[in-house]
Amino acid sequence: MEENVAHHTSGDFRKLLVPFVSAFQYEGDEVNMTLAKTKGRTFHEKICDKAYSDDGLIQILATRSKSQLNATFNHYNNQFGDAITKCLTVPEKYYQKVLRLAINKLGTDERALTRVVVTRAEVDLQRIAEEYKRRNNMPLDRAITEDTSRDYEKMLLALMGHGDAC
Ligand SMILES: *[C@@H]1O[C@H](CO)[C@@H](O)[C@H](O)[C@H]1NC(C)=O
Ligand SMILES: *[C@@H]1O[C@H](CO)[C@@H](O)[C@H](O)[C@H]1NC(C)=O
């Protein structure tokens, strides 16, 4: 994915994005319980504040390690109830909501939009796009095209698998 991003972007925007994408390459089965507890608590706070597009929250959900994410949600469930279980089983519902809020926001919340597209690109972005279309009666790529421009639009579309549009 780093190569893909580097190929489709330029200048400052590339400088900003490439390290960001690299930072999400971690995968593994080991679980850090201390981290799971801290993140579970953060998750709870952000959900309570309805801060759905908060950086900290998206970063937790962008965790590549399923085991770590599972441990975080287990901790959350034990401590705060079971409301979040659906997030693990159907993350695309959560992400389509983050995208909808980001796109519908006046001026577009580019930070949230970038984070979701970049971090989910190789994970479940296609499913998120399907869920987005189902809920909003508009294809995600069209919503992005209408809301963004130039390099930024190209990069997002490339990550969605529309590389030939560049
Ligand atoms: C677990 O995560 C915490 C917080 O990031 C860190 O301080 C600690 O060193 C980690 N423990 C292990 C065993 O990796
Ligand atoms: C998640 O954690 C629970 C409790 O430790 C475990 O039973 C379950 O198998 C785990 N699921 C995954 C996908 O790791």
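Ligands are counted one by one from 1 in listed order, and the atoms in each one are counted from 1 as well. Just so it is clear, the structure is predicted and the values come from calculations on it, not from any experiment. The basis for the numbers below is simple: all heavy atoms, side chains too, and nothing from hydrogens, waters or symmetry mates.
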Go ahead and list the nitrogen or oxygen contacts between ligand 1 and the protein that come in under 3.5 Å, distances to 0.1 Å, or just say none.
unit_1	atom_1	unit_2	atom_2	d
ligand 1	2 (O)	Asn32	OD1	3.4
ligand 1	2 (O)	Asn32	ND2	2.3
ligand 1	11 (N)	Asn32	ND2	2.9
ligand 1	14 (O)	Asn32	ND2	3.4

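- Looking at Glu131 and Arg127, no side-chain N of the basic residue comes within less than 4.0 Å of a carboxylate O on the acidic one, giving no salt bridge.
- Rounding to the nearest 0.5 Å places CG of Leu99 at 7.0 Å from CD1 of Ile144.
- With rounding to the nearest 0.5 angstrom, the NZ atom of Lys97 is 6.5 Å from the CZ atom of Arg100.
- With 3.5 Å as the limit, one finds a donor-acceptor pair spanning the side chains of Arg120 and Tyr95.
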Query - Candidate pair Arg134 and Glu130, rule salt bridge (Lys or Arg N to Asp or Glu O under 4.0 Å), full reasoning - result: CA-CA 6 Å; Arg134 204 173 64 76; Glu130 281 161 22; over 6 Å; no
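- Within the model, atoms OG1 of Thr148 and NZ of Lys154 stand 11.5 Å from one another, a figure rounded to the nearest 0.5 Å.
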